[in-house]
Structures are given as C-alpha cells and as structure tokens.
2 protein chains.
Amino acid sequence: MVSNTMDQLTESDPGQRPPLSRERLFQAAIDLADRRGIEAVTMRNLAADLGVEAMSLYHHVANKQALLDGVVDGVVADIETELGGFDVVADAHSWRKVLRDRILTARRVMLRHPWAPAVIETRTITTPTTLRYMDTLLGILLQGGFSYDLAHHTMHAIGSRALGFSQELFQPNPDDDTGSNDTLAAMAIELPNIVGMLSTIVHDDPDTTLGWCDDQTEFEFGIDVLLDGLERRLGG
Amino acid sequence: MVSNTMDQLTESDPGQRPPLSRERLFQAAIDLADRRGIEAVTMRNLAADLGVEAMSLYHHVANKQALLDGVVDGVVADIETELGGFDVVADAHSWRKVLRDRILTARRVMLRHPWAPAVIETRTITTPTTLRYMDTLLGILLQGGFSYDLAHHTMHAIGSRALGFSQELFQPNPDDDTGSNDTLAAMAIELPNIVGMLSTIVHDDPDTTLGWCDDQTEFEFGIDVLLDGLERRLGG
DNA sequence: ACCTGAACACCGTTCAAGT
DNA sequence: ACCTGAACACCGTTCAAGT
C-alpha cells in the first residue's frame, strides 16, 4: 500500500501497531505514572498499555532498573524542552537570575510529574540528559565568575533543588485537628515551640490553617537563602 | 522455676523466647537493614530473625507501612541517644553553633544507617520522635532571636539536612574512566564544563581522582552556606 | 528479530484455624 | 491473646518455544 520497499529493507513491517522502541517504553511509563501513580508502573501494566506481553519489554530494556533510568532521563528531557534547550547566555551580572529561573522552570516540570523526585532519588547512575543539564548549570556558575572549586561545592550544595525539588521534613499535617484548643493544649506539653508557632500564625491569620505552608514560597525562600550565601562567598 | 506468680498475673509466661513487642520488631528491622540492606527487610525475613512466622508480626503492626514508620522513629531516637537528649540551651549568641553541632550529630547517626534517608523520604506521616526533634530545632532558632515567620521558613529551607542527609545529584562516578584522555576528549564535546572542572582538579592534585568528592566536606559546606544566608536575614 | 506462554521464586496480606 | 499454615493476588524475571 505504502511506497515502502519492505521486502528489501531490513526495517520490519510497521503492521497494525508501531514497533516498540526504548523511547516508546519510557514515554508510556511516564504517562502511566502520571495517570495512575508510580506504583502502577509494573512491567505487566506497562506492557498492557502498549498492547503487548510483559516479556516483550525485555527485548528493549535489560530490566526494570534500566526502565526507570530511561524514565528519569525522559523527565529531565522535558525540562530541556520547557527551557527551549539547555543553551543560555549568562554573564557575571546575570548568573543569579539565570540560575534561579532555570531551577524554577525545572520545578514546574517536576510538579507535572509529582512521582519523579522519589524515582530520581532511587537512581544511582546519572543519566545522559541529567549530565548535560548539570553541565549547563555549571557553565552558568563559571560564567558568573565562580572558581572551579566554588562551583563544585555549589553544585553539591544545591543538590536536588537543581532539578526543582527538595525533601521538606517539616510538613505540619493540615488534616490534624490543630484548630481544637484541647488538642493544642495536649500537644503543647511535648511540642511547645511548634504549637506556639502554630497558635501565633493561626491567631494572626485564621485563614492560613489549612495548607498554610505554601510550597512554592518555601521553595523560593530556600533557593534565595542559598543564593545569598553563595553571593557572599563569591565576594560580591 | 522463677519466683513468678504466673498463674495469677495476666502477664504471660516469658517461656523460651521473650514475647514480641512493637519495639522489638522495630529494633530487629533496623538491625536487619544494617546487616543486609533495606531490601532484605521483608515481613518473612524479619519474622525469621525473630524466630516466628511472618503472620505473627501483624499482631503488633498493622502492615509494613506501620513497621517502616516505627523504624524511622527508632532511628531518630538513636539521634536523641547520641545527643544525650534533645534538651539544650542555646541563646542569641550560640544558635548557629548549637544548630550546626546538632545536625552533624544527626549525620553521624545516619551514616550508621545508610539506608535510612531513602526510607524517611518514603514516609508521609511524621513520627512522634521526629516531631519532638523538630520542636527542639525550632526552639534553638527562637532562642536565637528568629521570629516565628523566619524560623518557619528556615525549617523548610533546612529540609532533610536537619536529619543529617541531603540528596546530592552531582556525584561524578569515580568508577568512570576519567583518567583516560580519550574518554575525556569524547566527553568534552557534550560536557565541556564538567570535563574542564575534572581536568583542572586532576591536574592540580592527581590523587583526588578517586573519591574526590568528600561527602563530609560538601555536607558542611551546604550547611554553612545556608547558615550564612540565614544569618544575613536575621539582621546579624 | 521480535514476541509469547508457562513457570519460578519471591512479595504483602487475608482468613480460618489452632493453643 | 497470641501464633500458625495455607492460600490469594500480585511482583520481576528466566526459559524454551513459537513466527
């Protein structure tokens, strides 16, 4: 039907379904995680989404670990797309703004894949796209006047914030009945400082009880404190 | 045999093995993870260590999630032991040193349980001991002159560093053959900044190739940058 | 070359039964 | 009250077999 000399090319007949490829696996796994959560990403479920048996996946990835490596690479590639490419120009005057914008863009992408940070943290190897991303971050610092040594320390200090996420241990649960004075009084014995802070904030603005920790605000505060400390060390 | 009025007390006979308890489960799980890694902590393996069947564990914990919550609580309790208790005196002059020491103590405990950070990150609820730990950290800040608002932001900004760990994305793999000039040249096309940095550091000190990222140094740098930024905001 | 069915060695967890 | 054996509904992965 198609002007395809398919009996001469080694390329196989597309047939009814497009053939599997590593990229199709990774993208399907990302879609599956977005729709049903990361725990739904099993080899069997993924295969079902692709209209194939689970064992067919092993012709394209060595095992599930390799699949997850590809998934992480795909998410970082989404950051690249969102940025319109990793190339930017930064100079001694703009490094702080350029770095900050880049990190907040990464965060927007991560918010679309809320399961991704947990997966990234389980990986031991660094994927090719992640390496390229880190290389450009490093380039921004060097252009900004950082020495190799300070830039190196800085990359470590930024840590996962570079990809737009951070583990916040301090997450008062808004489902807890902190509105009840009885509960507060009972908690105050063991947790005087937290209860004191909660009480004060509730008193100042009763509407903030639920979800009073604005993740975006806290994330930006964390970056800015870090950038302040770095600027001082840069001798600015 | 023992002068134990066991037929009158409802306390059961200790018999050949001490009875199970939530605390014994948690401690056995921590020991198992230390010995054989967190992936070896299955209900069946844990039961075997305790000389019991897997299903018996369910009389003491609701499910594996509850077991892991208890494990995390136990690890943070280790920090408390290492600190000799959570109570400290800090004043406006000592908050920085007291906070820094406490975090580095937490880090020492975490290094004894290298699997713990990954488990902590999977938890959604905050355990009682973790809450008490965070309350004392908050107390140090308040004693140091932080407003509730700044102290609150600070707790978020410190994040997992409060418990002595952080995810470092930037971990050049020392197993990679970065010593070979051919490999470096090939990498330099895609990763000019990373390769440039590696080359310079290798040139300056050839011995640092393997394990040239000193985790402890980088961790302390990260805290100190953060503390610098906070000190500035405190108006010091 | 690519896909499949059956099977293996594990999981967490439920249930009915033992003492 | 506490523990158990068998079973269920899943996993990732291997293997021999199909086309």
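First the proteins, then the strands, lettered A, B, ... as listed; each starts at 1.
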Find which nucleotide of DNA chain C each of V52(A) and R44(A) is nearest to by heavy atoms, and output the residue with the more 5' nucleotide. V52(A)
Please report, rounded to the nearest Å, how far the C1' atom of dC11(C) is from the CD1 atom of I38(B). 15 Å
Test salt bridge (charged side-chain N to carboxylate O under 4.0 Å, His left out) applied to D34(A) - qualifying residues, sequence neighbours left out: none
Rounded to whole Å, CG of L25(A) lies from C1' of dC3(C) at a distance of 13 Å
Nearest-angstrom distance from the residue atom CD of E39(B) to C1' of dT13(D): 17 Å
Holding to side-chain contact (heavy atoms from CB on, under 4.5 Å), I want the full list of residues that pass it with N193(A), two or more places apart in sequence or in another chain. D135(B), L138(B), L142(B)
Output the residues of residues 57-65 of chain B in contact with DNA chain C, where contact means a heavy atom of the residue under 4.0 Å from an atom of the strand; sort by number or write none. Y58(B), N63(B), K64(B)
Show your working on side chain to side chain contact (heavy atoms under 4.5 Å, CB included) between I30(B) and W115(B) and close with a plain yes or no. CA-CA 10 Å; I30(B) 291 171; W115(B) 46 268; 4.0 Å; yes
When the distance from CZ of R22(A) to P of dC2(C) is rounded to whole Å, what number comes out? 13 Å
With sequence neighbours left out, the residues meeting salt bridge (charged side-chain N to carboxylate O under 4.0 Å, His left out) with R44(A) are none
Interatomic distance where CG belongs to L68(A) and C1' belongs to dC11(D) [whole Å]: 14 Å
On DNA chain D, compare the nucleotides closest to E53(B) and N45(A); which residue's is nearer the 5' end? E53(B)
Select base, sugar-phosphate, or nothing to describe what S56(A) touches, counting heavy atoms under 4.0 Å on all strands. base
Taking all heavy atoms of M110(B) and all of P117(B), pick out the closest pair and write down the distance. SD-CD, 4.2 Å
Let me have DNA chain C in dot-bracket notation, would you? Count Watson-Crick plus G-U wobble pairs, both distances under 3.5 Å, and use [ ] for pairs crossing earlier ones and | for inter-strand partners. ||.|||||...|||||.||
For residues 68-80 of chain A, dump all side-chain donor-acceptor pairs below 3.5 Å to protein atoms at least two apart in sequence or in another chain.
unit_1	atom_1	unit_2	atom_2	d
D69(A)	OD1	R123(A)	NH1	3.0
D73(A)	OD1	T127(A)	OG1	2.6
D73(A)	OD1	T129(A)	N	2.9
D73(A)	OD1	T129(A)	OG1	3.0
D73(A)	OD2	T129(A)	OG1	2.8
D78(A)	OD2	H113(A)	NE2	3.2
E80(A)	OE1	R132(A)	NH2	3.1
E80(A)	OE2	R132(A)	NH1	3.1

Would you mind telling me which of dC11(D), dC3(C), dA7(D) lies closest to the side-chain atoms of M55(B)? dA7(D)
Pairs involving residues 47-66 of chain A, ordered by first then second residue, that meet ring pair (Phe, Tyr, Trp, His ring centres under 6.0 Å) (sequence neighbours left out): none
Between dT14(D), dC3(C), dT14(C), spot the one nearest the side chain of L20(A), thanks. dC3(C)
Given atom CE of M43(B) and atom C1' of dT14(C), what is their separation to the nearest angstrom? 13 Å
I'd like to check the salt bridge (charged side-chain N to carboxylate O under 4.0 Å, His left out) partners of E82(B); sequence neighbours left out, ordered by chain and number. R108(B), R112(B)
Who passes side-chain hydrogen bond (donor to acceptor under 3.5 Å, both in side chains) against R161(A), sequence neighbours left out? none
